[in-house]
Amino acid sequence: MKNKILITSALPYANGPIHLGHLAGCYLPADIYYRYQKLKNRDVIHICGTDENGVPITIEAERDKKSPQELVDFYYKHIKESFERLGIVHDNFSRTSIPLHHKNAQSFFKKVNDKNYIITKRTKQYFCPECKRFLADRYIEGTCPFCDSKEARGDQCENCGRWLDPENLISPRCKICGGTPILRETEHWYFRLDLLQPELEKWIEPKKHWKNNVKRFCRGWFKEGLVPRAITRDLNWGVPVPLEEADGKVLYVWFDAPIGYISSTMEWALRIGKPDRWKDYWLDSETSLVHFIGKDNIVFHAMVWPAMLIAHGDYVLPSEIPANEFLNIKGGKFSTSRKRAVWLHEFLDIFEPDLLRYALSVNLPENKDTDFDWDDFQKKVNNELANILGNFVNRTISFVNRVYSSKVPAAVNLSAEDREMLEYLLKTRGVIEDRIEAFELKKGIKALMELAKEANRYFDRTKPWETIKEDKEKCSRTINTCIQVVDGLAALMEPYLPFTSKKILGMLDIERNEWEKVGEPRIPENKKMGKIEILFKKVDDERIRIEKEKLGIEEAEMVEIISIDEFSKVEMKVATVESAEKVENTQKLVKMVVDIGGEKRQVVAGIAEFYSPEELVGKKIIVVTNLAPAKIKGIESNGMLLAATKDNELALLTIDKPIDVGAKVS
RNA sequence: GGCGGCGUAGCUCAGUCGGUUAGAGCAGCGGAAUCAUAAUCCGCGUGUCAGGGGUUCAAAUCCCUUCGCCGCCA
């Protein structure tokens, strides 16, 4: 490891709050790594910020009836505060909407452009006259040319799974306003990844120790061959392309976002009053540039971004890309857009930050996806943090308080047993170092818990509650050793459990030991203890029940997601009501004959309280035509009409423009 | 459609460039202890390592194939 380390964590997109999946994927590992390097006295900074450009933000803003700026202002603050509450430390937490970043991204673009790594291409793209904007592929819907599904997206038909070009869609419409988009010619700038492939391959080749997921990804891409990739978009939100002929174009988010790492470092340098300080990292080949990301970001950080840096030429390239897999929520995925998540800010309203830091650390998705589960969380807190770690600290300090009037007893002539305990502490320091350096953070926290267990075993073996009566010197050696271990634990846990570390140090009434000195006893005889407190309160069943219920409610609200396949099983048609009569002896039922286009059907529906038979006749309605026939009150019903209901209201679905009876609805 | 990944004890996960009786934590069962947040400590695992086939003296680990889940890409 080089002595200078620049850590970045993926810029969170400013369209929603942070959830546990984000944390486990990169923010928590980055923080643990950063805190550890700090303890090792390395020259290290941790840089991050929100990614605030791109189409989704403009659309989200529109939906919320806000300006994009208002939206990102809100989430910038929200995300920054959430991180702070969890103890995630950034030297600088910037944002990609600031002028500094715009300027920086533009000069990056210009330099790469001057070096001929950028070309232009004219293409035709759909433009929505209603929304007055070009539409990204996935914001166009239409009929799939292959399977006739009506709900195909511009990039892919989810019904038949085929990949599409938006121009091939039959009767395309704008997903946002429903209007009909038109093809319009536009010009875009493309980054010549193809030119850079040989250099990229040469660069990646020696990175043997990188994680498999990263290497595999790259191999796949190289095999297919890289192609020029569009780096501009027609949009009025983002970093304007710094060319006269590029009016109305902005840089594509994936191009400007990683440049944000540099901008954020520059902002940091300005903030600390040393404007050139950022160069010490970005322009020095002795810098180890470490990008913490989730696996969804591998392509950009292992291929595109290094290619950009090579093309630019001035900056260091990534040294490490410890990409994590995903943390799922009990089987399913976390999803910001679907609001299926355990949100960090809500979590912290209820639980101490270290509980989460522990539960996530010990189950980080380092090799494969892992699950977050509330029962599991409770067990980890109660059985591991509270019982093993918390209890060891507590039994030790309360022993000192009770037996030795809160003063640390002497350690004269340590026995082999005592020395073994201290050696275990020292050994654990080494294990944690090795594991963290190798980006196996999960093993580091496990080693810490092993130390706590070993300490409990030592306590039990040496039985101070007995030796206090028959061998006072031995007892005082034991307790002294335990105190030294508590002190060591406090230092070693700092990267993972910084809040708990502080609490313990408060109880010992001492500053944190230097990392390199952990293992050498340093708490002096007669040291007075500070105020004792319980480290971890247990999480009770009721709390967990509530949290699980919350998740359940959110799931219920979002209903089951069905595929277009499932949906298209339902056939619906426009129909006219030919005749209608109330079914006798019922309150709600109406019997109708409807024309569904060359075929008449008898349909029974429970709408009599809302529509009289007279007003129904002649109405054009929507009928499900392939529903299995059913008998209602002995009358056969051959279809179902559609109506919207809420509370005590009901409204029939109809059509807002004349169309022939029998027209399919989809 | 192509490419890739994953599927290991009741639960959460290690292990996989082939090699002794497949591991840990939690849960469970039995015991010890009582300083401590009824916490701790000791002992106890007959799992088709998703199914099937193959290579090998030897496979959870390599190859083929089926099933299930997931991701990436024109």
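In the text below, chain A, chain B and the rest are named by the order of the sequence lines, each starting its count at 1. If you're wondering where the values come from, they're calculated on a predicted model, not measured in any experiment.
Note: CZ (A:F377) to P (B:rG25) measures 22 Å, nearest angstrom. Atoms CD1 (A:I397) and C1' (B:rC35) sit 13 Å apart, rounded to a whole Å. If you measure from atom CG of A:N383 to atom C1' of B:rG28, you get 13 Å, rounded to the nearest angstrom. The separation between A:E466 atom CD and B:rU40 atom P is 19 Å, rounded to whole Å. Atom CH2 of A:W221 and atom P of B:rA74 are 6 Å apart (whole Å). A:L389 has its CG atom 12 Å from the P atom of B:rU40, to the nearest Å. For the pair A:I329 CD1 and B:rU12 P, the interatomic distance rounds to 13 Å; values are reported in whole Å. Note: CG (A:D369) to C1' (B:rG5) measures 9 Å, nearest angstrom.
If you check every strand for non-hydrogen atoms under 4.0 Å, A:N367 touches sugar and phosphate atoms only. Counting any heavy atom pair closer than 4.0 Å across all strands shown, A:E384 reaches sugar-phosphate atoms only and no base atom. Using a 4.0 Å heavy-atom criterion, one finds that A:K463 contacts no nucleic acid atom at all. Here A:K215 lies out of heavy-atom contact (under 4.0 Å) with every strand. Nucleic acid contact class of A:R219 (heavy atoms, under 4.0 Å, all strands): none. Residue contacts shown for A:F326 are absent, as no nucleic acid heavy atom lies under 4.0 Å away. Here A:K379 lies in heavy-atom contact (under 4.0 Å) with sugar-phosphate atoms only. The residue A:L535 sits close to a base: some heavy atom pair falls under 4.0 Å. A:F459 comes within 4.0 angstrom of a nucleotide base, judged by non-hydrogen atoms across all strands. Using a 4.0 Å heavy-atom distance criterion, A:T396 is classed as making no nucleic acid contact.
Listed nucleotides: B:rU37, B:rC41, B:rA33. Nearest to the side chain of A:N394: B:rU37. Out of B:rU12, B:rA14, B:rA39, the shortest distance to the side chain of A:K442 is found at B:rA14. Of the candidate nucleotides B:rA36, B:rU40, B:rC72, B:rC72 has the atom lying nearest to any side-chain atom of A:F217. Of all nucleotides listed (B:rC13, B:rC35, B:rU12), B:rC13 comes nearest to the side chain of A:K446.
Using atom P as the reference point in both B:rA14 and B:rC6, the two lie 11 Å apart (nearest Å).
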Task: Chi angles and distances behind the salt bridge (charged side-chain N to carboxylate O under 4.0 Å, His left out) call for A:R461, A:E454 - done: CA-CA 10 Å; A:R461 265 198 314 264; A:E454 181 56 34; 3.5 Å; yes
TODO: Using the side chain to side chain contact (heavy atoms under 4.5 Å, CB included) rule, take A:L23 and A:L356 through it: C-alpha gap first, then chi angles, then the decisive distance, then the call.
DONE: CA-CA 10 Å; A:L23 289 171; A:L356 181 59; 3.9 Å; yes
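Between A:F392 and A:K368, the residue anchored nearer the 5' end of RNA chain B, judged by the nucleotide with its closest heavy atom, is A:K368.
Using a distance-only test at 3.5 Å, with no hydrogens or angles considered, no donor-acceptor pair links the side chain of A:S9 to the main chain of A:A30. Side-chain atoms of A:Q197 do not come within 3.5 Å of backbone N or O of A:G225 as any donor-acceptor pair.
A:Y404 places a side-chain heavy atom less than 4.5 Å from the side chain of A:S476.
Taking the 5.5 Å centre cut-off and the 30° plane limit, the aromatic side chain of A:F399 is not classed as stacked on B:rC35.
Salt bridge annotation for A:R543-A:E547: present, with a cationic side-chain nitrogen under 4.0 angstrom from a carboxylate oxygen.
Between B:rG4 and A:N213, no contact under 4.0 Å exists linking OP1 or OP2 to a side-chain N or O. Look at A:K295 and you won't find any side-chain N or O under 4.0 angstrom from OP1 or OP2 of B:rC70.
Counted by atom type alone, A:D354 and A:Y496 present zero donor-acceptor pairs between their side chains at under 3.5 Å.
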